[in-house]
Amino acid sequence: MLPSPPAREGQLGFLYLPPYRVQGISVAGEQTVIQIPELDLAFDIGQCTRAVLSAPTIALSHAHMDHLGGLPYWFSQRYFQKIGGETHMPDKGDGKPRIPVGRCICHPELEQHLRGMMRAWEPLERQKTPFDIVPLAPNSDIEIKNNIMLRAIETRHTVPSLGYAVLERRSKLKEEFRDLPQEKLRELRASGIDITRQMEIPLVAYTGDTSPGEFLVRDEFADAKVVISECTFFEPDHNDRARTGMHLHIDDIIRMLPVWKAEAIVLVHASRRTTIHYARERIEALAGADASRIHLLMDHRSNRARYEAQVAAANGAASGATKAAENPRPESQAEIPETQA
Ligand SMILES: [Zn+2]
Ligand SMILES: [Zn+2]
């Protein structure tokens, strides 16, 4: 009898949560990489998928191998394939043409070790791969796109860990000036009075690997439009395993449902032993009416059916002629995973 060919490599999960695509792979202990092309961002890089090469920034939650393993390869491939623009290149100030690299944002405690990891490749490869490693202290922000900020939120795992929130900054006219005519506002501004206040709108929040904690009820999580949360365990008797590994259990997620206002909660990092069918069953049994806003990134079948319905609805709207311009269309440079295209 002939031997069988190898099993097919894992397919990327894909959800279109307008205006965001959430795509990647996430299995506890194996690999987690979750990309949002519209935000020029990926959370973690346990594996360097072809799609994630287009993300100019990686927000690393912690340094377990299943979240970090793809990083050196990502730097290397972005360099080798000359991917990326001028935006995130280190400025050496030597007048030489700058080299496209990517940027990895991490917990400050990881910075030196990640640099050491990248330098360890240099004598092996006998060449220098450029890299940009940026520590981000808990509760501080870094700009990832115009007026779009990434905030680090300290979480609790077996190693130093961060969750992240992506926030849009908008300036709004202060209440007291709301009814004033334009010319009066111009006058006030000219006289140096600040007539606006800064608003922060949480767009997407990511837990990374973590135990439950008070950080999960922060505004950044409570008000985010999309929450991407780890949920490693679904079995009723696995609460103690979740505590030991410092992970979230579906019971923890259920407790967050009244707090998280998100239109969509995307669960990632389920363990390999948990079948999608079982996970879905548990969600339906425990979440009640909220089950419809909970998605599993790796539920390919449901997510594909959902996307096909979105496409059909968009096409229906398009045939209504005047609606054509409003069609949701993926806008960024990255491709939709082939399996979805
Ligand atoms: Zn993990
Ligand atoms: Zn971990």
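When a ligand or atom number is given, it counts from 1 through the structure's own listing order. Keep in mind that what you see is a predicted model, and the values were worked out from it rather than measured.
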(request) Please step through side-chain contact (heavy atoms from CB on, under 4.5 Å) for the pair Leu15 and Arg306, ending with a clear verdict. (result) CA-CA 8 Å; Leu15 279 158; Arg306 186 176 171 280; 4.0 Å; yes
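Inclusion of His67 in the first shell of the Zn ion (ligand 2) is not supported: no N, O or S atom falls under 2.8 Å. Taking backbone and side-chain atoms together, His62 has no N/O/S atom less than 2.8 Å away from the Zn ion (ligand 1). Residue side and main chain included, His269 places an N/O/S atom under 2.8 Å of the Zn ion (ligand 1).
In this structure, Tyr164 has its ring center no closer than 6.0 Å to that of Tyr206. Remark: aromatic rings of His269 and His67 are close, center separation under 6.0 Å. Checked against a 6.0 Å centroid threshold, the rings of Phe14 and Tyr307 count as neighbours.
Two residues are said to be in side-chain contact when any heavy atoms from C-beta on lie closer than 4.5 Å; Cys104 and Asp132 fail this criterion.
Asp66 contributes OD2 and Asp209 contributes OD2; the angle these two atoms make at the Zn ion (ligand 1) is 170°, rounded to 10°.
Within His64, the N, O or S atom lying nearest to the Zn ion (ligand 2) carries the name ND1.
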